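What follows is a short report on a single structure.
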Number of protein chains: 2
Amino acid sequence: MSKQLTVLEPEVCCAPLATATVPAEAAADLALAFKALGDPVRLQLLSMIASADGGEACVCDLTPAFDLTGPTISHHLKVLREAGLVESDRRGTWVWYRANRPRMASLSAVLDIAPTA
Amino acid sequence: MSKQLTVLEPEVCCAPLATATVPAEAAADLALAFKALGDPVRLQLLSMIASADGGEACVCDLTPAFDLTGPTISHHLKVLREAGLVESDRRGTWVWYRANRPRMASLSAVLDIAPTA
DNA sequence: ATCGTTTATCGGCGATAGGCGATGATGTTG
DNA sequence: CAACATCATCGCCTATCGCCGATAAACGAT
């Protein structure tokens, strides 16, 4: 929603992990994102959001997909938000989430394996 | 999608997160790996190992790079091992670690963003 | 066999994370 | 306005995490 605090530095780094030692500051930011992905519920939430039709998913559609309470889902969404993986947008009664695709792409690139090692 | 079918998977699936909702079992395995990456020290350890000359790194070279004790580094390496991200190999006095590149590639693929959404 | 070196495991401690119910903030509708 | 619905935040509890010192296990050298 109107969470004015978003990732100020979206593109933190992209050097593949296997090509050079990641600096400490970059490691902190990357670890924050990977930690957010390190939970089955959040992983499914992100996949539901990213694969949703139109690229957006309403919380009202996400919550009933789990055997968890509303506050818990809201908490997980907050973690994903603060990790810069999703963005939210309140439209009327409902809140819609969409994936931050550049962020995901950057994480994917970090894990990418160089063709020749 | 292209006709690139990967025959040998290390553990689990590889369907990009943004194309379909990830099943619960796959989410558990993926979350385990991402959780292992969700720590700055482990992220740097993996990058040091993966980018090391010859693709291998000795614990004796890893430990002094951090302001942490031996047991703590050993613990982090164990987490990476149990997540399937690295493999270890004792050769004489020292233990050498190398990255599990297929595993990393599979995680990278999961976060990959489809060209057209 | 005994020592020194390297790495892993064990036990414990403080900090963090995931879960819930209760409450609050926001928006729609009657 | 009041009543309702949706979603977020708060407080609390338990479980897990990250860290250390102490100890054990594996190996080479003496």
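Given the structure is predicted, the values throughout are model-derived calculations rather than measurements. Quick note on labels: first sequence line is chain A, next is B, and so on, each numbered from 1.
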Could you tell me how far apart [X] ([atom1]) and [N] ([atom2]) are, to the nearest whole angstrom?
X: A/Phe66; N: C/dG18; atom1: CZ; atom2: P; answer: 14 Å
X: A/Trp94; N: D/dC4; atom1: CH2; atom2: C1'; answer: 13 Å
X: B/Leu43; N: D/dC17; atom1: CG; atom2: C1'; answer: 17 Å
X: B/Asp89; N: C/dA8; atom1: CG; atom2: C1'; answer: 16 Å
X: A/Leu80; N: D/dA8; atom1: CG; atom2: C1'; answer: 15 Å
X: B/Leu62; N: C/dA8; atom1: CG; atom2: C1'; answer: 15 Å
X: B/Asp61; N: C/dT7; atom1: CG; atom2: C1'; answer: 14 Å
X: A/Trp96; N: D/dA8; atom1: CH2; atom2: P; answer: 14 Å

**Asked** Just by protein heavy atoms under 4.0 Å, how would nucleotides 18-30 of chain D read 5' to 3' in B, S and -?
**Response** SSBBB---BSS--
Note: [X]-[Y] ion pair, threshold 4.0 Å (strictly below):
X: A/Glu82; Y: A/Lys35; result: no
X: A/Asp112; Y: B/Arg101; result: no
X: B/Arg103; Y: B/Glu87; result: no

**Request:** Give a yes/no answer on whether the side chain of A/Tyr97 brings an N or O atom under 4.0 Å of OP1 or OP2 in D/dT6.
**Result:** no
**Prompt:** Any donor-acceptor pair under 3.5 Å linking the side chain of A/Thr63 with the backbone of A/Val59?
**Reply:**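 Indeed, once roles are kept as given, a pair shorter than 3.5 Å links the two residues.
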**Asked** Just by modelled atom types, is the B/Gly84 backbone N or O under 3.5 Å from a matching donor or acceptor in the B/Asn100 side chain?
**Response** yes
**Item:** Criterion side-chain hydrogen bond (donor to acceptor under 3.5 Å, both in side chains) on B/Ser108 and A/Ser108, from CA distance to verdict
**Value:** CA-CA 4 Å; B/Ser108 175; A/Ser108 174; 3.1 Å; yes
